[in-house]
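Below: the structure, in structure tokens.
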Amino acid sequence: MVVLAGWYFGFDPSTILGGGDGGLLPGGGGQITDNSGQDNGATPANDEMKQFVATVLAETEDTWTGIFKSQGLTYEDPKLVLFSGQVRSACGFASAAAGPFYCPGDHKVYLDMTFFQQLDQQFGASGEFARAYVIAHEIGHHVQNLTGIMSKFNQMRQSMGEVEANQMSVRIELQADCFAGVWAHYTGQKGILEQGDIESALNAAKQIGDDTLQKKMQGYVVPESFNHGTSQQRQTWLARGYKSGKLSDCNTLSGPI
Ligand SMILES: [Zn+2]
């Protein structure tokens, strides 16, 4: 259960470990920092992977800048930190085992380099767009942070019991999935999606649903402990955002989910 706690893909790392610091990568796409390969034996990110991550990040910036502008708001680009092993963030130290996460304190997405491989091999979610969905989901948390949804949630959470906090967490996570879908909608309009892309993202959403993960990891499910949503819910909200491209269709915070 402890292992499942940060997964997938949270924004509040709880694993306390040591970390490193890295330099900024110049040019091309979104702004990423490469901290990978700083631990003994860890595999550094290869150029292809860095390029892919930077490209997806840039695409999310493009989409969200436009959406914010249409509402008279200014989108602030997040930063993305690649790491291996462990990393230090404004939210504390985190290990790769916690999965990718977003830290509202420093506006950065943290992505460990082994995760994509794990997604493919351990969780059966292959394809570039499965990976893009992971990044877009974290960016969804950034959007929640910029729009004040996240701080409201964190405030409310302080007066909640664990079960209630988990239920609230599911709503926040499903909204991030829906926002990832909104991004996919606009990316699709640019004509840069390939056949099977949306399917591979939907499959990823299915493979990392709380029920599916728990069944796989421990053989049974504990619904009160769900904090990201079931496979069905994650697919539904991702698909909903993708279909309409409207933020108003991503209101997971009230009503049935
Ligand atoms: Zn998340």
Side-chain angles (χ1 to χ4, degrees), residues 1-15 91 94-103 109-112 114-127 129-141 144 149-150 153-154 156-157 160-181 184 198-242 250-257:
M1 290 316 299
V2 173
V3 176
L4 287 172
W7 292 14
Y8 271 84
F9 319 94
F11 49 84
D12 192 13
S14 52
T15 317
C91 297
S95 80
F101 67 95
Y102 172 75
C103 173
V109 169
Y110 292 85
L111 190 63
D112 70 276
T114 53
F115 181 74
F116 285 159
Q117 206 182 348
Q118 199 184 11
L119 192 64
D120 187 353
Q121 294 170 1
Q122 201 177 338
F123 299 114
S126 57
F129 216 67
R131 300 171 174 195
Y133 153 62
V134 171
I135 298 169
H137 171 99
E138 297 306 337
I139 298 302
H141 286 313
Q144 290 174 321
I149 293 168
M150 192 172 277
F153 165 67
N154 283 330
M156 287 166 70
R157 190 162 62 169
M160 286 176 179
E162 196 182 334
V163 171
E164 202 186 352
N166 282 343
Q167 288 167 352
M168 192 56 149
S169 169
V170 167
R171 289 181 180 275
I172 292 287
E173 294 297 335
L174 292 177
Q175 187 175 60
D177 282 337
C178 189
F179 285 172
I198 287 303
E199 288 75 11
S200 75
L202 286 168
N203 177 54
K206 179 182 170 188
Q207 300 302 337
I208 57 177
D210 285 326
D211 51 342
T212 301
L213 273 183
Q214 288 191 358
K215 249 179 249 166
K216 208 176 231 174
M217 309 289 293
Q218 62 194 22
Y220 57 92
V221 299
V222 184
E224 309 87 77
S225 69
F226 289 174
N227 53 22
H228 282 71
T230 63
S231 296
Q232 181 69 54
Q233 286 174 317
R234 298 198 75 163
Q235 286 185 296
T236 298
W237 286 97
L238 174 62
R240 190 173 295 190
Y242 173 66
C250 294
N251 184 12
T252 59
L253 303 182
S254 59
I257 47 172

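It should be emphasised that the depicted structure is a prediction, and the values quoted were computed from it without experimental measurement. Along the sequence shown, the residues carry numbers beginning at 1.
Listed by chain and number, the residues in a side chain to side chain contact (heavy atoms under 4.5 Å, CB included) with S126 are D120 (sequence neighbours excluded). Residues that satisfy the ring-ring contact (aromatic ring centres under 6.0 Å, His included) test with Y242, not counting sequence neighbours, are absent from this structure. For the side chain to side chain contact (heavy atoms under 4.5 Å, CB included) test, residues two or more places apart in sequence or in another chain that qualify with E224 are V163, V222. Qualifying side chain to side chain contact (heavy atoms under 4.5 Å, CB included) partners for S231, counting only residues two or more places apart in sequence or in other chains: K206, D211, T212. Every residue was checked against the side-chain hydrogen bond (donor to acceptor under 3.5 Å, both in side chains) condition with Q235, not counting sequence neighbours, and none meets it. Applying the side chain to side chain contact (heavy atoms under 4.5 Å, CB included) test to Q232 and every residue at least two apart in sequence or in another chain returns T230, T236.
Shortest non-hydrogen contact noted between R157 and A165 is CG-CB, 3.9 Å. In this structure, R234 and D177 approach most closely via the heavy-atom pair NE-OD2, 2.8 Å. Summarising the geometry of A125 relative to A130, their closest heavy-atom pair is O-CB, 4.0 Å, with the distance given to 0.1 Å. Closest heavy-atom contact between Q175 and C250: NE2-O, 3.0 Å.
Rounded to the nearest 0.5 Å, atoms CG (L253) and CE (M168) are 6.0 Å apart. Distance check, rounded to the nearest 0.5 Å: CH2 of W237 to CD of Q233 gives 9.5 Å. Annotation: the span from R171 atom CZ to N227 atom CG amounts to 14.5 Å, rounded to 0.5 Å. One distance of note links CD of Q121 with OG1 of T114; it measures 10.5 Å at 0.5 Å rounding. Atom-to-atom distance recorded for L238:CG and Y133:OH is 6.0 Å, nearest 0.5 angstrom. With rounding to the nearest 0.5 angstrom, the CG atom of L213 is 9.5 Å from the CZ atom of F226.
Proximity of D112 to F101: side-chain heavy atoms (C-beta onward) are nowhere separated by under 4.5 Å. Using a 4.5 Å cut-off on side-chain heavy atoms (C-beta onward), H228 and V170 make no contact. Side-chain contact between F115 and V134 is present, with at least one heavy-atom pair separated by less than 4.5 Å. By the 4.5 Å heavy-atom criterion applied to side chains, H137 and E173 are counted as neighbours. For the pair Y110/C103, a side-chain contact is recorded, criterion being any heavy-atom separation below 4.5 Å from C-beta on. Residues I172 and I149 form a side-chain contact, since some pair of their non-hydrogen atoms from C-beta on lies under 4.5 Å apart. The shortest side-chain heavy-atom distance between I139 and Y102 does not fall under the 4.5 Å cut-off. Taking 4.5 Å as the limit, some side-chain heavy atom of F153 sits within range of a side-chain heavy atom of S169.
Within 6.0 Å of CE in M160 there are more than 12 heavy atoms belonging to other residues, nucleotides or ligands. Around atom CD of Q117, no more than 12 heavy atoms belonging to other residues, nucleotides or ligands sit under 6.0 Å away.
Between the side chain of D210 and the backbone N or O of G229, at least one donor-acceptor pair lies under 3.5 Å. Looking only at distances, a side-chain donor or acceptor of N203 sits under 3.5 Å from a matching main-chain atom of G124.
Between the side chains of Q214 and S225, at least one donor-acceptor pair of N or O atoms lies under 3.5 Å.
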